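All remarks here apply to the structure that follows.
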Number of protein chains: 2
Amino acid sequence: MTNQQKLTISDIAKLANVSIATVSRYLNGQLNQMSEATAQKIKKIITETDYIRNSAAVQLAKKRSNLVAVVASNIDEYFSSEYFKGIVSILSAFGYIGVLLDSDSNLKTEKAHLESVYNQNFAGIILQPLTTDSAVIRKFLNHNMPIVLIDRELADLEMSSVTTNNFEIAKYAMAQLSPDSFSSVTVITEPVKKLSTRVARVAGIKTVFDQVNVIETRSEHFDVNQLATTVDLNNPKNLLVVLKERLLIQLLTHPSFLMQAHQTQNITGFIDTAMPRYLAPNFKFIQQSPYLMGASAAEILIKHLSSANNDYQQNIQNIIVPSHYK
Amino acid sequence: MTNQQKLTISDIAKLANVSIATVSRYLNGQLNQMSEATAQKIKKIITETDYIRNSAAVQLAKKRSNLVAVVASNIDEYFSSEYFKGIVSILSAFGYIGVLLDSDSNLKTEKAHLESVYNQNFAGIILQPLTTDSAVIRKFLNHNMPIVLIDRELADLEMSSVTTNNFEIAKYAMAQLSPDSFSSVTVITEPVKKLSTRVARVAGIKTVFDQVNVIETRSEHFDVNQLATTVDLNNPKNLLVVLKERLLIQLLTHPSFLMQAHQTQNITGFIDTAMPRYLAPNFKFIQQSPYLMGASAAEILIKHLSSANNDYQQNIQNIIVPSHYK
DNA sequence: TTGTACGCGTTATCAT
DNA sequence: ATGATAACGCGTACAA
C-alpha cells in the first residue's frame with residue numbers, strides 16, 4: 001500500500017513542466033487552448049500519479065457544488081427508492097450526483113437533514129416533505145437554493161412540485177367499482193393529518209360514497225386481527241380502500257382474504273409494486289409512477305439550476321404525473 | 001422572497017464589530033476563548049442574518065469532509081434501506097452525514113459511483129460491492145480513504161467488512177429441516193457468479209444435501225409458472241431454498257403454494273422483512289439483521305476515520321453479524 | 001499557447 | 001480575549 005502524500009495541481013504542474021493554469025485548463029477540458037503535446041504530457045503525469053482534484057477547492061473557486069440532496073420521508077417505502085432512481089437517471093446526465101437522505105418518518109430527523117443540506121451547500125434539493133410547516137423550507141428559497149417538492153405539496157408556499165392526481169384517480173377508481181354494489185366504504189390509512197396526498201385521496205373517495213369510515217393506523221403497529229374486531233372484513237357490501245401499499249399487502253395476505261381472492265373485488269388501494277397483483281390477480285389497483293415522478297422532479301430542478309440566480313419564481317412548475325387504475 | 005447576497009464570515013465580523021478570527025472561533029464552539037458579551041453579540045448577528053458557513057471553504061481549510069458515501073448494490077432491496085438506516089444512526093452520532101448512492105445492479109453504474117466518491121473527497125465509503133474485481137477498490141486504499149465492505153467480501157484484498165454467517169446458517173437451517181424427509185433440494189437464486197454471499201449459502205446447503213439443483217434467475221424476469229415446468233413445486237420430497245426474499249415472496253404468493261401453506265414446510269429461504277411470515281405463518285426462515293450490519297459497518301468506519309493517517313491496515317476488522325433460523 | 005497573480009471563504013498560528 | 005494574516009487547492013482574468 002503506497003502512502004502517497006496528497007498531490008496538488010502545482011505538483012502536477014512541476015512534474016509536467018507547465019504552469020498550474022495549463023493543468024487547470026486540462027482538467028476542465030479546455031483542450032483546444034493548448035498544444036496536443038502538452039495535453040499528452042499532462043495526461044501522462046496525471047494517470048501515472050493517480051492525481052485527483054480537491055473538490056472542496058474546486059467548489060470554493062467555482063462557487064458551486066454538483067451534489068443534489070434528495071430527502072425522502074422514509075426509504076422503507078418502495079416508492080422512495082423508485083423515485084430516487086428516476087431522479088438519479090436525469091441528474092447524472094447533467095453531471096450532478098444525487099444523494100439520498102432518509103427522514104425515517106421522523107420530523108426531527110427531517111429538520112436535521114434540511115439543516116445539513118443547507119449547511120453543506122448542495123446545489124439543490126428535492127424533498128418529499130414530512131412537515132407541513134413551510135417555514136422550515138422558506139429558508140432555502142431565501143438563499144436561492146433551488147428546491148422541488150415531490151409526492152406532497154405544501155399549502156401556503158409556492159414552489160415547484162411533482163405530485164400525482166390523487167383526488168381524480170381516487171374518484172375515478174371509486175366510480176369504476178360500481179358504487180351501487182357497496183353500501184359503505186372503509187378507508188385504511190396512516191394518519192391523515194394535513195398531508196396533501198392523503199387528504200386528496202379521501203376527498204376523492206367521498207365524492208362518490210357518502211358512508212366513508214376512515215381508520216387511521218401506523219403500518220409498524222398495524223394488526224389485521226385487531227382491525228377485524230371493529231370492521232367486518234368479509235362484508236361484501238363494504239368496500240375497503242387502503243391508501244398505502246404496505247397496509248394493503250398485510251390485508252391481502254390475511255387468511256380471510258386469501259380465501260376470497262377470486263371473488264368479486266371488495267378491496268383496492270394505492271400500489272407501487274406488482275406484489276398486490278400477485279396476491280389478487282383479478283383485482284384492480286391504483287398504480288403510481290414513482291420513477292417518472294422522480295425524473296420529472298429532477299428535470300425541474302435542472303431548470304432551476306441552470307437558469308440565472310434570481311428567477312426561481314419565474315420557473316416554478318407544478319407537474320402532475322397521473323396514476324392509473326388498472 | 002428576500003434575495004440576500006451570500007454573507008461571509010467577514011460580513012458577520014463587521015456587523016458584530018469583531019475580527020473574523022473571533023467569529024470563526026465562535027462558529028467552532030471555542031466559546032471559552034471569548035467574553036460572554038462578544039459571544040452573545042455574534043450569536044445575535046448570526047441568527048438575525050441567517051448566516052451559514054460555506055462548507056467548501058471549511059473543508060478546504062480543515063482538510064476534511066464530513067460526508068460518508070454509502071454505495072448500495074440496489075436500493076430496491078429492503079435489505080439496503082435497512083442497513084443504510086443502521087449506518088446513518090451511528091454516523092450522525094459522530095457528526096458525519098451518510099449519503100446513499102445506488103448502483104442499480106449495474107457494474108458500470110457502480111464504477112461511476114466509485115469514481116465520483118473518489119473525486120468528491122468524501123471522508124470514507126461503505127460499499128456493498130457488485131464487482132468482484134478488487135482492482136477498482138484498491139485505489140481507495142492507496143489514497144488512504146477508509147473503506148468498509150458490507151454484505152459481501154472480496155476474495156483477494158484485505159479490508160474491513162461486515163457480513164453474515166451465510167455458510168453456517170444455511171447449513172444449520174438445512175439440518176433443522178429433518179434432511180431425511182427430503183430426497184433433493186432445489187436452490188433458487190439470482191446468478192451466483194462469484195458473489196461471496198451466494199457462494200457461501202450454496203456451499204452450506206451442500207454440506208447437508210447431496211442432491212442440490214441450483215436454478216439461477218433474475219428477479220426482474222422471474223416467472224413462477226415457467227419454473228413450474230422444470231421443477232415440481234408440489235413434490236413434498238423436494239425442498240425449495242430461495243436465496244432472495246423477493247423470489248421467495250413470488251413463490252409463496254403463487255396459487256399452488258397458497259393452498260398448502262399450512263402443511264409441512266417444504267420451502268424456506270433468506271428474508272429481510274416479515275412479509276414471508278404473513279404468507280406462511282408456520283414456516284421458518286433465515287432472517288438477516290441488516291440494520292445491525294449497517295451499524296457495525298459504520299462503527300468500523302468511524303474507527304478508521306478517527307485513527308491516524310496510515311494505520312488502516314492495523315485497524316482492519318471483519319465482523320460477522322449472525323442471521324437466525326426461526 | 002502558456003504563465004502570473006489574485007480571489008474564493010474559512011481555519012489556525014502567532015501576536016498583542 | 002482579540003486581531004492580523006498566512007495557508008488550504010483551485011479557477012480565471014489578464015498578460016505575455
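The figures that follow rest on heavy atoms only: side chains count, while hydrogens, waters and symmetry mates do not. Lettering of chains follows the sequences in order, A, B, ..., and the numbering in each one begins at 1. What you see is a predicted model; the values in this text were computed from it and never measured.
Among the heavy atoms of the strands, none lies under 4.0 Å from Tyr26(A). Backbone-only engagement by Asn32(B) is indicated by non-hydrogen atom pairs under 4.0 Å involving sugar-phosphate atoms exclusively. Residue-level contact check: Val18(A) touches the backbone only, with heavy atoms under 4.0 Å from sugar-phosphate atoms and none from bases. Here Thr38(B) lies in heavy-atom contact (under 4.0 Å) with sugar-phosphate atoms only. Among the heavy atoms of the strands lying under 4.0 Å from Arg53(B) are primed sugar atoms or P, OP1, OP2 only; no base atom is included.
Comparing dC8(D), dT2(D), dG11(D) by their nearest atom to the side chain of Ala61(B) picks out dC8(D). In this structure, the nucleotide among dT1(C), dC8(D), dC8(C) sitting nearest to the side chain of Lys63(A) is dC8(C). With dG9(D), dT10(C), dG3(C) as the choices, the nucleotide that has an atom nearest any side-chain atom of Tyr51(B) turns out to be dT10(C). Which of dT4(C), dT11(C), dG11(D) sits closest to the side chain of Ala21(A) comes down to dT4(C). Out of dA13(D), dT11(C), dG11(D), the shortest distance to the side chain of Leu27(B) is found at dT11(C).
Rounded to whole angstrom, the span from the CG atom of Leu31(A) across to the P atom of dT1(C) amounts to 11 Å. Atom P of nucleotide dG3(D) and atom CD of Gln30(B) are separated by 15 Å, given to the nearest angstrom. If you take CG of Asn28(B) and P of dG9(C), they are 17 Å apart, rounded to a whole angstrom. The separation between Gln59(A) atom CD and dT10(C) atom P is 14 Å, rounded to whole Å. When rounded to the nearest whole Å, the span between CD1 of Ile9(A) and C1' of dG11(D) equals 8 Å. Rounded to whole Å, the distance from CD on Gln33(A) to P on dA15(D) is 17 Å. Between Lys14(B) atom NZ and dG3(D) atom P the separation is 14 Å, expressed in whole Å. Atom CG of Leu7(A) and atom P of dG9(D) are 11 Å apart (whole Å).
The phosphate of dG9(D) has neither OP1 nor OP2 within less than 4.0 Å of any side-chain N or O from Thr8(A). In this model, the phosphate group of dT1(C) is not approached by any side-chain N or O of Thr22(A) to a distance below 4.0 Å at OP1 or OP2. Between Asn54(A) and dC8(D), a side-chain N or O to OP1/OP2 separation shorter than 4.0 Å is absent. A close approach under 4.0 Å does not occur between any side-chain nitrogen or oxygen of Ser19(A) and OP1 or OP2 of dT2(C).
Although no hydrogens or angles enter the test, the distance criterion places no donor-acceptor pair under 3.5 Å between the side chain of Ser161(B) and the main chain of Leu149(B). Proximity of a side-chain donor or acceptor of Glu110(A) to a complementary backbone N or O of Leu130(A) within less than 3.5 Å is detected. Looking at Asp151(B), its side chain never comes within 3.5 Å of a backbone N or O of Val162(B) through a donor-acceptor pair. Of the possible polar contacts, none joining the Ser103(A) side chain to the Thr109(A) backbone as a donor-acceptor pair under 3.5 Å is found. Asn28(B) contributes no side-chain N or O that, together with a main-chain N or O of Gln30(B), makes up a donor-acceptor pair within less than 3.5 Å.
What you find for Ile75(A) and Asp102(A) is that their closest heavy atoms are N-OD1, 3.2 Å.
Heavy-atom distances to DNA chain D give each of Lys62(B) and Ile20(A) a nearest nucleotide, and the one nearer the 5′ end belongs to Lys62(B). Take the nearest nucleotide of DNA chain D for Leu60(A) and for Ala39(B): the residue whose nucleotide is more 5' is Ala39(B).
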